Amino acid sequence: MKQRSPWQRTHTCGELNREHVGTEVVLNGWIENHRDHGQLVFVDLRDRHGVTQIVGHTETDGIGEGVFERLRKLGAEDCVSVTGRVRARDADKINKNRATGEIELLVTGLVVLGEAATPPFEILDEAEANEELRMRYRYLDLRRRPLQEALVKRARFVTAIRNYLQDQRFVDIETPILTKSSPEGARDYLVPSRVHPGKFYALPQSPQIWKQLCMVAGLDRYYQIARCFRDEDLRADRQPEFTQIDLEMSFVEEHDVLDLVEGMVVHGMREGFGVELPQPFPRFDFEQAMALYGSDKPDLRFGMELIDLSEHAKTSAFKVFQGAVETGGMVKGIAVEGAADKYSRKNIDALTAFSQGYGAKGLAWAKVTANGVEGSIARFYEGAAGQELIARMGAKPGDLLLFVADQAKVVHKALGEVRLKVAAELGLRDPKKFRCCWVLNFPMFEWNEDRQRWQYAHNPFSAPVDWDNTDFEKDPEYHRSRAYDFVMNGWELGSGSIRIHKPELQKKVFQFLGISEEEQQRNFGYMLEAYKYGGPPHGGIALGLDRMCALALGRDGIRDVIAFPKTAMAVDLMAQAPNLVSAEQMAELQIVSTAKKPDA
RNA sequence: GGGGACGUAGCUCAAUUGGUUAGAGUACCGGACUGUCGAUCCGGUGGUUGCGGGUUCGAUUCCCGUCGUCCUCGCCA
């Protein structure tokens, strides 16, 4: 028999039921609530598995000396061991809201394992205390059920992912945390080297290069639940350190990676969160996603696609529409089903201002009635013209039509954002509904206005779609990369590509990006060299684990699914990191700080 | 780096146009109570109004600065 000290639990606080009635048990947990009736006292004892009601009564058979008095004096969040007999509750005293509600524990013994000072905030399911305080006492915030639930489900999700990849013959490989800085991409976190004064390691922004080298090594199928570090300004969905499900496969094409990841995500969401994802995930060409949704991360929980009216606009009486097309732009619209009477003039003005924030000059609108259209553009669409517009928009009476006329880029951005805004206002972005898709064939390069040069749109290792045309200088915009994004509910959750595995091609890309031979050697020399020794075709993806968990749980940000997160200023309020280090440590690293000294 | 919101009792909030001793709920402490489950009832403790400065007879309130948290744009291959 397993050894057990007298104070150690025989059961958790979530598992006792009618079947245990009459047995002697020991529970360990925290005092959640305390109801003192003088000669009778009730205590709710909580652990992560549930809550069990403890009953203290002076006349209980076998109750220890002073146990009742000590039970009465317990305070919130004391950590205790309780011994007692399981007793069935009378029918009228059953608590239907709890799994253990049919029984209670008649106490005979009590040991206080850890006395609690009055907590700085109450441990409630719905957090009332502000986030600053909760982060400072994160270990108390984590006692709250919703946070424990998030971490438990996250762990279940990760386990399911690992099992899935293990079954698919992937190898879990750890890659260095102390690695090398490269000037591209996000700002690096740096770690000074003691044995090489003046030199620094960088923390990885992702294991990108390492996993590609694993493919050169012939490891075939790599994965890692990898911590990544990026020193950029933060958001609700961005932490300075975050976790990726990172994987790479040899001898594959896009569909191999997409099929595998689709299966993995469906399995993980089901096992981890009980979420069933509708399959298959639609696959959009980048251009197609932009045209239909005005976004490269479309939210497919609702329709409301962007409808192209450019042809029609050429002959429109409305000069704004006609002019936009004549100057090389376009006109697109969305039909908001049944929203005509939900949007007042004032609401539409607000939407207009919103669209202008994304570069639109204005938002043309019309409400569809039984007889035609009314609204800002109605006088240009009387009679047959109005009927034609309604037909093209696939609209019916009661619908609200919204239009943007401008250059394609502006139309897509502004109308795409309006689409999301309207959907949010109409409650169409249901957090309990999940729709995934893939977006493929991103542009290879994009023009950086500030730096006045072309840069890679995805990452510099993504292979071009057209292997035969690698004259990037000729028409940079023509080139598409074999990159793909995984999108769920309008969130970009993953990004990957089929990689370049020929060193000559990789050099051509670097060259076009204006990275000199010398820079290439300095930053990626070992990688270019590796591909000289028989690099296999390969591709992979990295998925944002924190974001996926947040989305699955319907949380607004990723702090809720990370045990010990940092603030928007990248500070750990509990551990007080970052912080100053001793003069000795600085001297040993041969580092001098130029920061202004804080007033002592 | 820019923009916005917030900061008052341990916690969540209130406080009239700038005006008496800064209030309430909850937590906490004490008391009563044998069936509660957010127990109830009675009583009590608890305040550098984030910090610094300014205007004013008088500042929680107005102004400037600063610190912190959150949201957001830029940024995040």
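These numbers come from a predicted model, not from an experiment.
- Side chain of A:T118, nearest nucleotide from B:U34, B:U36, B:A27: B:A27.
- Look at the C1' atom in both B:U8 and B:G47: the space between them is 8 Å, to the nearest Å.
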Quiz item: What one-letter contact string describes nucleotides 2-12 of chain B from 5' to 3', where B marks a base within less than 4.0 Å of any protein heavy atom, S marks contact via sugar-phosphate atoms alone, and - marks no contact?
Solution: --------BSS

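- Residue A:Q455 is classed as having no contact, given no heavy-atom separation below 4.0 Å to the nucleic acid.
- Checked against B:A27, B:C37, B:U69, the side chain of A:N95 finds its nearest nucleotide in B:C37.
- Screening A:F512, A:W454, A:F472 against A:H479 for a ring-ring contact (aromatic ring centres under 6.0 Å, His included) leaves a single residue, A:F472.
- When each of A:R87, A:R98, A:R18, A:K93 is tested with A:E104 by the rule salt bridge (charged side-chain N to carboxylate O under 4.0 Å, His left out), just one qualifies, namely A:R87.
- For A:E131 and A:A76, each mapped to the nucleotide of RNA chain B holding its nearest heavy atom, the one lying further toward the 5' end belongs to A:A76.
- In this structure B:C41 sits in a base pair with B:G31, meeting the Watson-Crick or G-U test at under 3.5 Å.
- As a whole-Å value, the separation of A:Y137 OH from B:U69 C1' is 15 Å.
- In this structure, A:R46 reaches neither bases nor backbone, as no heavy-atom distance under 4.0 Å exists between it and the strands shown.
- Protein atom CG of A:L71 is 13 Å distant from nucleotide atom C1' of B:U36, rounded to whole Å.
- One N or O donor and one acceptor, one from the side chain of A:R238 and one from the base of B:C75, sit under 3.5 Å apart.
- A:I123 has its CD1 atom 19 Å from the P atom of B:U26, to the nearest Å.
- Taking 3.5 Å as the limit, the base of B:C75 and the side chain of A:D233 contain no donor-acceptor pair of atoms between them.
- Look at CD on A:E69: it is 14 Å from C1' on B:G31, rounded to the nearest Å.
- Across the strands present, B:U69 finds its partner in B:A5; the criterion is a Watson-Crick or G-U wobble pair with both atom distances under 3.5 angstrom.
- At a cut-off of 3.5 angstrom, counting only N and O atoms as typed in the model, there is no donor on one side facing an acceptor on the other between the side-chain of A:Q39 and the base of B:G35.
- With a 3.5 Å ceiling on both atom-pair distances, B:G18 lacks any Watson-Crick or G-U wobble partner.
- Of the nucleotides present, none pairs with B:U49 by Watson-Crick or G-U wobble criteria with both distances under 3.5 Å.
- Looking at A:S481 and A:S462, their side chains never bring a donor and an acceptor atom within 3.5 Å of each other.
- Pair check for B:C62 finds B:G54; Watson-Crick or G-U wobble, both atom distances under 3.5 Å.
- Comparing B:G10 with B:A27, their P atoms are spaced 16 Å from each other, to the whole Å.
- Residues A:R35 and A:Q53 have side chains that bring a donor and an acceptor to within less than 3.5 angstrom of each other.
- Within the shown strands, B:C11 is the pairing partner of B:G25 under the Watson-Crick or G-U definition, both distances less than 3.5 Å.
- Note on A:Q53: a base of the nucleic acid sits closer than 4.0 angstrom, heavy atoms only.
- Rounded to an integer number of Å, the gap from CG of A:N97 to P of B:U36 is 15 Å.
- Judged by distance alone with a 3.5 Å cut-off, no donor-acceptor contact links the side chain of A:H37 to the base of B:U36.
- No engagement by A:R187 is indicated, since no non-hydrogen atom pair under 4.0 Å with the nucleic acid exists.
- Among B:C70, B:C76, B:C37, the nucleotide with an atom closest to any side-chain atom of A:R230 is B:C76.
- Among the heavy atoms of the strands, none lies under 4.0 Å from A:Q205.
- Remark: P of B:C37 and CG of A:D90 are 16 Å apart, rounded to the nearest angstrom.
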Quiz item: Do A:L545 and A:Q244 pass the side-chain contact (heavy atoms from CB on, under 4.5 Å) test, and can you show the C-alpha distance, the side-chain angles, and the key distance before you say yes or no?
Solution: CA-CA 5 Å; A:L545 175 64; A:Q244 288 185 343; over 6 Å; no

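- Comparing B:C11 with B:U16, their P atoms are spaced 22 Å from each other, to the whole Å.
- Within 4.0 Å of A:Q239, counting heavy atoms only, lies no atom of the nucleic acid at all.
- Aromatic ring centres of A:Y456 and A:F461 lie farther apart than the 6.0 Å criterion allows.
- As rounded to the nearest Å, B:G54 and B:G31 have P atoms that lie 49 Å from one another.
- Between the side chain of A:R235 and the base of B:G74, a donor-acceptor pair under 3.5 Å is found.
- Partner of A:W438 under the ring-ring contact (aromatic ring centres under 6.0 Å, His included) criterion, out of A:F486, A:F286, A:F284: A:F486 alone.
- Base contact: A:S206 has a heavy atom under 4.0 Å from a base atom.
- Within 3.5 Å, a donor on the side chain of A:R89 pairs with an acceptor on the base of B:C37, or the reverse.
- Rounded to a whole Å, the CZ atom of A:R72 is 13 Å from the P atom of B:C29.
- Residue A:L573 is in sugar-phosphate contact alone, with no base atom involved, counting any heavy-atom pair closer than 4.0 Å across all strands shown.
- A salt bridge is defined here as a Lys NZ or Arg NE, NH1 or NH2 lying under 4.0 Å from an Asp or Glu carboxylate O, and A:R143 with A:E77 meets this definition.
- Distance A:R134 CZ to B:C70 P: 11 Å, rounded to the nearest Å.
- Here, B:G46 and B:U26 have their C1' atoms 13 Å apart, quoted to the whole Å.
- With a cut-off of 3.5 Å on both Watson-Crick or G-U wobble distances, the partner of B:C75 is given as none.
- Residues satisfying the side chain to side chain donor-acceptor pair (under 3.5 Å) criterion with A:R238, sequence neighbours excluded, are absent altogether.
- Checked against B:G35, B:C75, B:U69, the side chain of A:T567 finds its nearest nucleotide in B:U69.
- Separating the C1' atom of B:G38 from that of B:C75 is a span of 45 Å, rounded to the nearest Å.
- Nucleotides B:U55 and B:U61 place their C1' atoms 13 Å apart, quoted to the nearest Å.
- One side chain, A:Y478 or A:D466, offers a donor N or O that lies under 3.5 Å from an acceptor on the other.
- Between B:G3 and B:U60, the distance separating the two C1' atoms is 26 Å to the nearest Å.
- A salt bridge is absent between A:R85 and A:D61: the closest approach of a Lys/Arg side-chain nitrogen to an acidic carboxylate oxygen does not fall below 4.0 angstrom.
- Nucleic acid contact for A:D36: base, since at least one base atom lies under 4.0 Å from a heavy atom of the residue.
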